[in-house]
Amino acid sequence: MDRIDFRSDTVTWPTPAMRQAMANAPVGDDVYGEDPTVNQLEALAAAKTGKEAGLFVASGTMGNLTAILSHATRGDEAIVGEDSHTYLWEAGGMATLGGIVPHPLPTDEIGRMDLAQIEASVRSDNPHLPTSRLILVENSYGHKHGYPIPTDYFAAVRQIADKHGLSVHMDGARLFNAAVALNMDASEVVKDVDSVTFCLSKGLGAPVGSVLCGTADFIHKARRIRKSLGGGMRQAGILAAAGLVSLNEMIERLADDHAHAQQLAQGLAQIPGIVIEPEMVKTNLVFFKLADDVPMTSRDVTKDLQEQANIWLGANGRRSFRAVAHYWISEQDVTLFLETLAEILRKT
Ligand SMILES: *Cc1c(COP(=O)(O)O)cnc(C)c1O
């Protein structure tokens, strides 16, 4: 890449192997079900998640919305973490496009809603109330350090869902980061949810796309919803080809990103003026802050990093940051980042 970009794993450029696969991909009209590369990607995604079928979608947001609209309908309610991506960062799609009422609950330090609170949130059958239909979970949990939530939580959520006849959808945008960090197969991580969306375009490095997985019946229904959202793409095999490289070659190496994130966290903990909890860093996201006595804002710091070393860092608040490790960030890049940041803060 032409810069050292820590802002997100979405900034990743396709790898040379992806560009090659894209150039050579056999294609067809996917709305007719005739794109062999899309079909192959959907089958591989289903196999990797242990679900019956997959559906290639344009983005994680489209995958989550397609799933929600396939599980629930107008006047239904979805129990959801109040700082989850589906509730906070997807433009309210479930409500604006689906008429589905979100029922947000607080989450703990790693992104879990309280189980008793989930159960207490299930509505009784009363004409005044929306109808409880769905529980939305997320793993890894973006807003809480990208923490990989252990699977016993999802087993417990499943029990509540079964007791009350609800479905469970997982926003697994970074599912494979969670699986690698938990040292589990992705299919184990999602075994207690009905459906899951994961992103090809984050740490897995593809330029575009996500896959929604679930039962064959569910995906049959989701295919119609995707069409209604404008997501029926034609020779999408060009894009799916990169996704195949993601699933075949880019999963195990996520451990490198996690090691770089750990290197970053340990280094940041040594820099005077930085506040960080390195023990919360288990995947590729690193959240940190400026100490109260530092006379700079996060914007000042990100500007200096760019000017001095072409390092791009995301400010997510007046005094806080998120740094993300990915394919295009090396150990040397992390070292340069730490040295440059230490220098900037030393001068204040
Ligand atoms: C990125 C992300 C999504 C959706 O991503 P798109 O940008 O729409 O592809 C969903 N959930 C989480 C947790 C994410 O980080």
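This chain uses plain numbering: 1 for the first residue, then up along the sequence. Every number for a ligand or one of its atoms is a count from 1 in the order of the listing.
- Every residue two or more places apart in sequence or in another chain was checked for a side chain to side chain donor-acceptor pair (under 3.5 Å) with D192, and none qualifies.
- The closest side-chain donor-acceptor pair between Q262 and Q266 falls under 3.5 angstrom.
- When each of I68, V190, L212, N64 is paired with S195, the side-chain contact (heavy atoms from CB on, under 4.5 Å) condition holds for L212 and for no other.
- Taking both residues in full, the closest heavy atoms of S121 and E77 are given as O-OE1, 4.4 Å, listed atom of the first, atom of the second, then distance.
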Measure from every N or O atom of ligand 1 to the protein's N or O atoms and keep only the pairs below 3.5 Å, writing each with atom names and distance to 0.1 Å.
residue	atom	partner	partner atom	Å
ligand 1	8 (O)	G60	N	3.4
ligand 1	8 (O)	T61	N	2.8
ligand 1	8 (O)	T61	OG1	2.6
ligand 1	9 (O)	G60	N	2.8
ligand 1	11 (N)	H85	ND1	3.3
ligand 1	11 (N)	D171	OD1	3.1
ligand 1	11 (N)	D171	OD2	2.5
ligand 1	15 (O)	R174	NH1	3.1
ligand 1	15 (O)	K202	NZ	2.6

Take T335 and Q263 through the side-chain hydrogen bond (donor to acceptor under 3.5 Å, both in side chains) test and state the conclusion after the steps.
CA-CA 8 Å; T335 303; Q263 180 198 352; 3.3 Å; yes
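- Donor-acceptor pairing under 3.5 Å is lacking for the side chains of E138 and H143.
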